[in-house]
Amino acid sequence: MKKTACWMLMWALAVPAIWASANVEEDPSADPALLTWHDPVPWQFGLGYSRVSRPVDLEGTEVDLKADIVDAMAGVSPWPWLLIYGRAGASEGRLEGAMRIDPSAGAGGLLGARVNVWQIYEGVQATSWRVTLQLAGQYAYWTSEDDGDGDLEWGEALVMLPLDYHLTFARTSRNAYVGEFQSFHLFAGPAFSGIDGTWTRGNAERDFEEQESFGVVGGGELWLLENLAFGARFDWFEGTSGQLTVRYRF
């Protein structure tokens, strides 16, 4: 008798839930559209500041390429393992020791892609971490003027192979109360960079290129929410360049 009563109680609790899920309706107060994108791919937008410091060879003389770059970023993931992104903004660059006048702002941008190639992950029930081998590449083109000492322009092709360690804290109901941040990840790996630029002064053009092509990239991101992150990245190619970013993922 007790077993029968228990089964009847379970069915009484389950039937309303089943009926509710089977009778989900559209909200009549929401207007439909001529065309509807039911499953939009994830987009993300962000802002960044970069401080570039790279030794370059200016026709046999080693000088430092220094630049400050402020830009905006947009990216899209047509598949979860692929990110295609672009950046555009303003740049101030100079060749220290060769250019005498402080630069004024120019413009530029970059296009790049990142692929998650291979990953160790046993699922959310087993682990709170995952390790991912990534492959990323981008090409950037930046310009700068110096109000009298010539024009500066340079391009950089960068290929990176970082290993990313991601640790998530979004595994318990505590995250529903924003009691802790979502996750963070750290990455580091080898990189190859090729810089090719021109300094034009009057009718004279002087070319320069990178002093060291092989280096290391490293950094990390702190996800305060599942769609809001603050990050930093550092590049070592005999000189150290740094980048600070904030991005929002839809």
Side-chain angles (χ1 to χ4, degrees), residues 45-75 85-114 136-160 162 187-202 204-221 229-247:
F45 298 92
L47 299 172
Y49 166 74
S50 302
R51 173 68 172 176
V52 177
S53 178
R54 291 288 302 274
V56 296
D57 186 335
L58 178 65
E59 297 181 343
T61 303
E62 181 178 336
V63 298
D64 289 331
L65 171 64
K66 297 290 184 71
D68 295 284
I69 300 171
V70 178
D71 56 15
M73 182 271 285
Y85 59 92
R87 309 181 75 99
S91 57
E92 287 186 353
R94 59 193 175 277
L95 296 173
E96 285 200 342
M99 300 172 65
R100 298 169 298 173
I101 302 176
D102 291 336
S104 58
L110 64 83
L111 290 174
R114 188 189 69 204
Q138 64 184 41
Y139 179 79
Y141 177 79
W142 301 102
T143 64
S144 185
E145 299 179 357
D146 56 14
D147 298 331
D149 209 13
D151 298 327
L152 188 68
E153 58 183 38
W154 72 97
E156 179 186 16
L158 179 64
V159 179
M160 301 170 283
F187 62 90
F192 173 84
S193 171
I195 290 181
D196 186 15
T198 302
W199 174 31
T200 304
R201 186 182 181 187
E205 291 187 358
R206 301 179 66 183
D207 297 328
F208 61 89
E209 60 184 12
E210 77 286 340
Q211 188 75 17
E212 177 59 54
S213 297
F214 293 95
V216 177
V217 298
E221 275 189 313
F230 295 86
R233 194 188 89 193
F234 298 94
D235 303 346
W236 293 273
F237 291 91
E238 285 194 356
T240 302
S241 301
Q243 181 183 88
L244 299 175
T245 58
V246 55
R247 61 180 175 132

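Both backbone and side-chain heavy atoms feed into the values below; hydrogens, waters and symmetry mates do not.
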* In Å, rounded to the nearest 0.5 Å, how long is the span from CZ of R206 to OG1 of T61? -> 6.5 Å
* Structure fact -> The reported gap from CG in L65 to CG in L58 (rounded to nearest 0.5 angstrom) is 10.5 Å
* Can you check side-chain contact (heavy atoms from CB on, under 4.5 Å) on R51 and D68, steps first, answer last? -> CA-CA 5 Å; R51 173 68 172 176; D68 295 284; 2.8 Å; yes
* Out of curiosity, T200 OG1 to E205 CD, how far, rounded to the nearest 0.5 Å? -> 4.0 Å
* To do: For S241 and S53, indicate whether the former's side chain and the latter's backbone hold a donor-acceptor pair under 3.5 Å.
  => yes
* **Euclidean distance, D235 CG relative to L158 CG, rounded to 0.5 Å** => 6.5 Å
* What's the spacing between Q138 CD and R114 CZ if we round to 0.5 Å? -> 11.5 Å
* For a side-chain hydrogen bond (donor to acceptor under 3.5 Å, both in side chains) with S193, tell me which candidate from E212, E210, R54 qualifies. => R54
* Provide the closest heavy-atom pair for E238 versus P55 in the form atom of the first, atom of the second, distance. => CB-CG, 3.9 Å
* Asked: Would you say E156 and W142 make side-chain contact, with heavy atoms under 4.5 Å?
  -> no
* Rounded to the nearest 0.5 Å, what separation is found between the CG atom of D196 and the CH2 atom of W154? -> 13.0 Å
* Just jot down the ring pair (Phe, Tyr, Trp, His ring centres under 6.0 Å) partners of Y49, sequence neighbours excluded, or say none. => none
* Least distance between heavy atoms, I69 atom then S91 atom -> CG1-CB, 3.8 Å
* Distance-only donor-acceptor check, side chains T143 and E153, under 3.5 Å -> no
* Asked: Can you tell which of F237, W236, F192 makes a ring-ring contact (aromatic ring centres under 6.0 Å, His included) with F214?
  -> F192
* Asked: Do L95 and W199 come close enough that some side-chain heavy atom pair is under 4.5 Å?
  -> yes
* Asked: What heavy-atom pair brings G93 and S144 nearest, and what distance separates the two atoms?
  -> N-OG, 3.0 Å
* Is any side-chain heavy atom of R94 less than 4.5 Å from a side-chain heavy atom of V63? -> no
* **Side chain proximity check, R233 to F187, heavy atoms < 4.5 angstrom** => yes
